[in-house]
Amino acid sequence: MNEEGKETKRLMDVRSLLLFSTLLRVLLILYGEWQDAHMEVRYTDVDYLVFSDAASLVASGKSPYERSTYRYSPLLAFLLVPNSIIHPSWGKFLFSASDLLVGLFIHTILKLRKVPENLCTYALLVWLFNPFTFTIGTRGNCEPIVCAMILWIIICLMNGRVLQAAFWYGLVVHFRIYPIIYAVPIILVLDPTCFQYGLKPALSSWVGEGSSTESKPSTAMPNSCCGMWIALTSMFTRARIMFGLISGAVFFAFTGLFFYLYRWEFLHEALLYHLTRTDPRHNFSIYFYHIYLHYEHEFSVAERLISFLPQFLVQLVLIVCFAKDLPFCFFAQTVAFVAFNKNILDFLFLMGVVGELLVTGDHSAILCMVLLPVAIDSSMEQDET
């Protein structure tokens, strides 16, 4: 078979998987409507009811924070306004479409890393037909949107589109504050020794049997008194400055807009709450016992914030070790963020154990790309009510 025929067959395989997975998600959404109407236990995620109520408030010109336990950006409520106009399941279709995009982006990233086509297809298959993932969107959880944006940022960086990556990064950090942990590795990968503005950065490429190779230009500094000056000035490259300015501008533009509309209520519920939240129940965190014993006593701000120190140190080590392999670095950061968080639900604990078992051996590059969105889903879930 010639190359054109192989490419056509490949596209048909990908389109067939996307078509069948789309059908599966539509059927699950329809089934969920039936189960909600006829069974005591609802299929729909309770958070989806919170989203829908907040969207209904926004549609009537009120604050989404009048709905108790809504602790998200108002942008999510605005996205779900059609729930009150078109159909209550609008959001589920939106989240499921984002879930399909995640699968497509996984396939795209693996192709950019020169992973063999059959393995790219298997990775797509594992994501699209994974019960853990397809139930998240069809039950009405918004995290597939976050996963899709983060993977799209990786694709933009791998293709040298810094401005696009900066825009989406600023937006996703506003949407869910947690992806701020990815800022440092992104800045590091924009090093002029591995990235020239408008060109592709030298990220790792698959070479078979689980190993990878990456272009590592010489970074040796000239042995002179101006070496330190050159090192300092090389930190402030055009790509880094543009990424920082644009992502910061997008973040502060959306945050400023919604602060103007909803004032301190927005700032507390959407951002500050997640820094100080503690959970004395169904919690597998390493801080659980201390929280459980002292929950009736008010924790000081210092006590609430000091738990971030181990997270900070672990994140720093992971960034130093893996920043050049950006997708794997994101995955390792996310798993570590979950492991050292103050609030870990039971399924997050299970996900962390499974992730550590799977991301070893010859196919870690592929497994980490499939598990990265799962880890992101889980890290976001720990902030849910």
Side-chain angles (χ1 to χ4, degrees), residues 29 32 36 42-99 135-150 170-180 250-283 304 341-345 347-348 376-385:
I29 292 172
D36 290 349
R42 299 175 63 91
Y43 180 83
T44 300
D45 193 328
V46 65
D47 292 316
Y48 187 73
L49 305 179
V50 176
F51 303 158
S52 298
D53 291 344
S56 178
L57 289 168
V58 166
S60 60
K62 300 178 182 179
S63 168
Y65 300 105
E66 291 184 22
R67 173 55 161 95
S68 61
T69 72
Y70 182 79
R71 299 187 175 99
Y72 309 85
S73 166
L75 187 59
L76 176 60
F78 278 98
L79 287 174
L80 297 189
V81 166
N83 275 19
S84 304
I85 301 172
I86 300 175
H87 192 275
S89 294
W90 160 267
K92 294 181 181 180
F93 284 101
L94 178 64
F95 302 152
S96 296
S98 300
D99 187 40
T135 55
I136 288 176
T138 57
R139 294 185 67 234
N141 194 291
C142 69
E143 308 313 335
I145 293 180
V146 181
C147 296
M149 286 196 284
I150 291 174
L171 183 61
V172 76
V173 171
H174 164 79
F175 194 75
R176 297 288 278 173
I177 191 65
Y178 152 77
I180 191 69
V250 171
F251 172 80
F252 285 111
F254 279 97
T255 303
L257 172 63
F258 291 125
F259 179 77
Y260 173 77
L261 293 175
Y262 306 116
R263 298 299 175 180
W264 289 102
E265 192 175 30
F266 151 69
L267 206 59
H268 177 266
E269 297 293 345
L271 299 176
L272 301 180
Y273 168 83
H274 301 287
L275 296 177
T276 58
R277 177 194 173 192
T278 54
D279 190 346
R281 304 289 181 183
H282 53 77
N283 191 345
R304 291 174 184 268
N341 202 275
K342 297 192 302 295
N343 306 289
I344 302 180
L345 307 184
F347 74 93
L348 300 179
I376 293 170
D377 280 338
S378 302
S379 63
M380 301 302 181
E381 283 281 356
Q382 66 196 2
D383 287 332
E384 309 297 333
T385 55

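When reading the values below, keep in mind they use all heavy atoms of this one structure, side chains included, and skip hydrogens, waters and symmetry mates.
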Problem - Interatomic distance, I150 atom CD1 to E143 atom CD [nearest 0.5 angstrom] - result: 9.5 Å
Exercise for the section: Could you walk me through whether T135 and Y43 pass the side chain to side chain contact (heavy atoms under 4.5 Å, CB included) test, one step at a time? Expected result: CA-CA 9 Å; T135 55; Y43 180 83; 4.2 Å; yes
Practice task
Enter the distance from T69:OG1 to D47:CG here, rounded to the nearest 0.5 Å.
Solution key: 7.5 Å
Handout entry: Y65 and P74, any side-chain heavy atoms less than 4.5 Å apart
Key = yes
Fill in the blank from the handout: Between the CD1 atom in I145 and the CG atom in L171, the distance rounded to the nearest 0.5 Å is 10.0 Å
Completion exercise
Nearest heavy-atom approach of A148 to S98 is CB-O, 4.0 Å
Problem - Distance (rounded to the nearest 0.5 Å) between S89 OG and L94 CG - result: 12.0 Å
Fill in the blank from the handout: CH2 of W90 to CG of L80, rounded to nearest 0.5 Å, is 9.0 Å
Completion exercise
Per side-chain contact (heavy atoms from CB on, under 4.5 Å), Y262 is matched among W264, Y260, F258, F259 by F258
Exercise for the section: Return the orientation label for the F266 and H174 ring planes: parallel under 30°, perpendicular over 60°, tilted otherwise. Expected result: tilted
Practice task
Decide yes or no on side chain to side chain contact (heavy atoms under 4.5 Å, CB included) for N83 and Y48, but give the supporting numbers first.
Solution key: CA-CA 11 Å; N83 275 19; Y48 187 73; 3.0 Å; yes
Exercise for the section: Kindly give the heavy-atom pair with the smallest separation between S63 and E265, and that separation in Å. Expected result: OG-OE1, 3.7 Å
Handout entry: Step-by-step ring-ring contact (aromatic ring centres under 6.0 Å, His included) determination, Y72 to F51
Key = CA-CA 9 Å; Y72 309 85; F51 303 158; 5.0 Å; yes
Problem - Considering all heavy atoms, the nearest Y70-A77 contact - result: OH-N, 3.2 Å
Problem - CZ-CG distance between F93 and D99, expressed to the nearest 0.5 angstrom - result: 13.5 Å
Problem - Residue pair I180 / F251, side-chain heavy-atom distance below 4.5 Å - result: no
Problem - Passing option when K92 is tested against T44, D45, N141 for side-chain hydrogen bond (donor to acceptor under 3.5 Å, both in side chains) - result: T44
Handout entry: Closest non-hydrogen atom pair, P179 against V173
Key = C-CG2, 4.1 Å
Fill in the blank from the handout: Nearest heavy-atom contact between S84 and S56 is OG-CA, 3.5 Å
Exercise for the section: State, to 0.1 Å, how close V50 and S68 come at their nearest heavy-atom pair, and which atoms those are. Expected result: CG1-O, 4.3 Å
